[in-house]
4 protein chains.
Amino acid sequence: MTAGPETPLRSGARRNRDQIIAAAKAMFLELGPDVPMEGIARQAGVGVGTLYRRFPDRVALIRAVARHNFGTVLEQVRAAADEEPTAWEAIVRLLSRSRELRLTVQLALVSPLSWAVIRDDETTHEIQDEIMAVLDDLVRSAQAEGKMRGDVGAGDLAVMCSLLLRRVDLASGKDPDLILDRRWS
Amino acid sequence: MTAGPETPLRSGARRNRDQIIAAAKAMFLELGPDVPMEGIARQAGVGVGTLYRRFPDRVALIRAVARHNFGTVLEQVRAAADEEPTAWEAIVRLLSRSRELRLTVQLALVSPLSWAVIRDDETTHEIQDEIMAVLDDLVRSAQAEGKMRGDVGAGDLAVMCSLLLRRVDLASGKDPDLILDRRWS
Amino acid sequence: MTAGPETPLRSGARRNRDQIIAAAKAMFLELGPDVPMEGIARQAGVGVGTLYRRFPDRVALIRAVARHNFGTVLEQVRAAADEEPTAWEAIVRLLSRSRELRLTVQLALVSPLSWAVIRDDETTHEIQDEIMAVLDDLVRSAQAEGKMRGDVGAGDLAVMCSLLLRRVDLASGKDPDLILDRRWS
Amino acid sequence: MTAGPETPLRSGARRNRDQIIAAAKAMFLELGPDVPMEGIARQAGVGVGTLYRRFPDRVALIRAVARHNFGTVLEQVRAAADEEPTAWEAIVRLLSRSRELRLTVQLALVSPLSWAVIRDDETTHEIQDEIMAVLDDLVRSAQAEGKMRGDVGAGDLAVMCSLLLRRVDLASGKDPDLILDRRWS
DNA sequence: TATGAATGAGTCTTCATTCAT
DNA sequence: AATGAATGAAGACTCATTCAT
């Protein structure tokens with residue numbers, strides 16, 4: 001018996017977990033990451049107690065949502081790389097049509113708390129690194145395809161993505177400086 | 001008596017007001033617009049009561065900070081336009097060196113509340129319009145100078161500034177779409 | 001299990017609710033309807049949070065106390081009508097010995113806030129109407145018994161009760177005029 | 001010179017005082033004796049500072065308003081006694097047409113605080129005693145005139161006025177008992 | 001294991017009172 | 001003497017978190 005007696009319970013628990021993350025993601029986006037935990041629980045169709053059983057506190061929940069978000073972005077990035085005929089088209093698809101990317105970014109920016117949670121979560125970093133690796137490949141391929149200016153990989157894509165996905169601390173005094181001088185000519 | 005009839009009261013009150021806005025601006029940036037009002041008051045060196053006398057509630061305070069921020073941006077934009085020898089250099093100076101711009105933007109993005117406050121404040125809109133007017137002039141001049149590609153005015157500058165200064169609602173379903181296709185070639 | 005599915009939770013909650021209303025009633029009478037909510041909670045033996053869970057704000061609490069008060073008056077009026085041998089004796093019992101009636105009235109008069117709450121609560125009005133219906137019956141019966149002057153029903157009883165139980169607005173300019181002329185001869 | 005240099009100032013001060021009392025009386029009636037002092041000051045057309053110069057705290061203000069109210073009632077009672085041809089008519093005029101009386105009463109009942117202030121103010125008591133003295137005379141005269149039942153003086157007039165003007169503590173357990181038994185036959 | 005009632009610390013906000021001008 | 005700005009203590013209310021059922 002590979003499937004023990006716990007399987008149905010596990011799947012119920014899993015459903016709960018997913019519903020909570022989905023509800024939290026939606027409410028974070030709409031109302032910021034300060035929404036009452038009880039509201040999230042209600043939206044997810046569970047009691048607060050259940051929410052707290054899965055996620056010991058708000059930070060844990062934000063972390064889980066962040067991982068989920070970045071995980072989805074990673075999937076989309078890979079899908080684009082796999083499915084589009086050229087690297088260039090993959091990049092265009094990602095940048096112009098990825099709503100997920102923007103939502104993910106928004107969560108990261110939306111509050112000092114969520115920013116800090118993401119900054120400090122190693123698992124999220126790993127996902128971000130995987131995303132960046134795929135993107136780097138894409139950029140290099142696109143340049144090899146002759147579809148992209150040579151200075152873009154470290155420039156614009158960074159402005160649009162790296163800024164968003166990397167741990168750049170906007171509040172710190174250190175400007176990433178956006179490589180702007182080169183760009184506007 | 002050199003001073004006008006209300007000068008003594010006004011000057012103290014004015015100083016307080018400025019201190020409160022400065023404190024609020026700093027703390028909003030560092031900790032988000034949810035920082036305890038009492039903390040802001042302490043930082044400003046006044047009692048909570050004084051803070052509430054000037055700004056009936058948090059929204060009023062956020063609004064005042066936003067106006068102040070955008071007002072400073074406007075000053076900087078005008079200063080750059082006036083002081084730099086060419087429009088092009090003015091643009092570069094603004095985009096590469098304006099910390100104020102980034103801070104202003106950050107407040108706008110940092111929470112649903114501040115976003116909504118800015119979106120609904122007519123006075124802020126007027127300042128934003130003035131900023132955009134100066135920027136439009138600069139872009140047109142830079143293009144006349146031959147220093148800027150013709151498609152930039154409506155493109156990149158918009159990506160960097162318009163997105164930031166205009167009332168684009170990131171949370172809405174409608175993508176500004178970022179004119180990306182043209183950009184990456 | 002003898003108890004129904006919600007009995008355990010409900011019974012504790014119900015007890016809390018009753019304790020809160022009792023505490024509020026007592027403190028409203030002694031200190032007015034402005035007593036700190038926290039004091040009421042303490043008196044009731046619960047935390048403030050519990051108080052607010054049952055009654056979202058002070059108005060809701062005043063309303064609940066008013067309904068409870070008038071409900072008790074209704075019970076007493078009915079009891080008097082049922083238990084006394086004659087209508088006349090029922091009336092005397094009510095007017096001379098009903099402490100509840102006076103306390104109820106006092107809450108209504110004690111502050112503009114409680115006055116307004118009672119004035120606007122339809123449920124309270126319904127209870128008041130039931131009270132008045134029983135009283136009307138009693139007066140008519142007493143007159144039939146020959147124990148009461150014919151002009152009393154619309155006069156003194158109204159002065160004492162109707163003024164108290166009906167929605168007469170003392171603060172308005174319109175005098176109920178108290179049918180005084182007839183009375184003092 | 002009987003009128004010293006202070007006379008104009010004194011009269012200004014007196015005007016201030018009167019305005020404050022008038023404003024306080026109006027606002028106590030409308031909003032209860034908890035209205036913000038600053039609101040009273042504004043209504044009176046003076047600064048808070050001035051209000052506090054005249055009345056060191058809220059209790060002093062309530063006391064002053066109470067004295068003023070009862071003083072006006074006394075004037076009206078005397079006027080009625082003087083101007084009406086018979087005691088009976090004076091009584092009818094007072095009870096049926098004295099709006100002042102009701103307002104005065106209402107202030108006394110309206111909150112535990114004002115109740116206590118009136119209960120403890122000797123000056124107010126003296127005014128109340130004068131009022132009662134005039135009323136007693138009127139009742140006795142009316143009875144001599146044969147216009148009033150002999151049991152009224154201690155009964156109804158007490159119910160209507162004494163209850164209102166005397167220091168009966170409604171909240172105490174001791175019922176004045178309203179001499180009801182005799183009344184309803 | 002899921003639920004939601006209870007708790008109370010943390011914030012917001014008001015307003016009596018003081019005091020510099 | 002009049003003014004109204006400043007203060008901070010007090011009270012309202014919310015919500016994260018715990019825990020009995």
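Predicted, not measured: the structure shown is a model, and the values here were computed from it.
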>> Testing the basics here: between D:His125 and D:Asp120, what is the closest heavy-atom pair and its distance to 0.1 Å?
In response: NE2-N, 4.3 Å

> How close or far is atom C1' of E:dC12 from atom CD1 of B:Ile62, stated in whole angstroms?
Replying inline: 13 Å

> Quick one: C:Leu113 CG to F:dG11 P, roughly how many Å, whole number?
Replying inline: 17 Å

> Want to know the stems of DNA chain E: at least 3 consecutive Watson-Crick or G-U pairs with distances under 3.5 Å, which are they?
Replying inline: E:2-21 with F:2-21

> What's the shortest heavy-atom distance between C:Pro33 and C:Ile62, and which atoms?
Replying inline: CB-CD1, 4.0 Å

>> Ignoring hydrogens, what is the shortest heavy-atom contact between B:Ala64 and B:Phe55? Give both atom names and the distance.
In response: CB-CE2, 3.5 Å

>> Check whether C:His68 reaches the backbone of C:Ile21 with its side chain - one donor and one acceptor, N or O, closer than 3.5 Å.
In response: no

Dump the pairs, protein N or O against N or O of nucleotides 13-15 of chain F, anything under 3.5 Å, distances to one decimal.
unit_1, atom_1, unit_2, atom_2, d
F:dC13, OP2, C:Tyr52, OH, 2.9

>> From CZ of D:Arg17 over to C1' of F:dA1, roughly how many Å is that when rounded to an integer?
In response: 16 Å

> CZ of B:Phe55 versus P of E:dT13: gap in Å, rounded?
Replying inline: 14 Å

>> Ignoring hydrogens, what is the shortest heavy-atom contact between A:Pro112 and B:Gly32? Give both atom names and the distance.
In response: CG-N, 3.5 Å

>> Go nucleotide by nucleotide along DNA chain F from the 5' end; which of C:Val35 and D:Gly45 gets its closest nucleotide reached first?
In response: D:Gly45

>> Can you work out whether C:Arg54 or A:Leu51 has the more 5'-proximal nearest nucleotide on DNA chain E?
In response: A:Leu51

> salt bridge (charged side-chain N to carboxylate O under 4.0 Å, His left out) with B:Asp18: which residues, sequence neighbours excluded?
Replying inline: B:Arg14

> Are the side chains of A:Val117 and A:Thr124 in touch, meaning some heavy atoms are under 4.5 Å apart?
Replying inline: no

> Which pair of non-hydrogen atoms, one from B:Ile118 and one from B:Ala66, has the smallest distance, and what is that distance?
Replying inline: CG1-CB, 3.7 Å

>> Is there a side-chain contact between B:Thr50 and the phosphate of F:dA5, meaning an N or O under 4.0 Å from OP1 or OP2?
In response: no

>> Rounded to whole Å, please give me the gap between CZ in B:Arg15 and P in F:dA5.
In response: 15 Å

> Over how many whole Å does the gap from C:Arg14 atom CZ to F:dT21 atom P extend?
Replying inline: 19 Å

>> Could you check whether any side-chain N or O of D:Arg58 sits under 3.5 Å from a backbone N or O of D:Val35, counting only pairs where one atom can act as donor and the other as acceptor?
In response: yes

>> Rounded to whole Å, how long is the line connecting atom CD1 of D:Ile40 with atom C1' of E:dT17?
In response: 14 Å

> At under 4.0 Å between heavy atoms, what does D:Val59 touch on the DNA or RNA strands: base, sugar-phosphate, or nothing?
Replying inline: nothing

> For the pair made of CD in C:Gln19 and P in E:dA5, what is the distance, rounded to whole Å?
Replying inline: 16 Å

>> Less than 4.0 angstrom between a side-chain N/O of B:Asn16 and OP1 or OP2 of F:dA5, yes or no?
In response: no

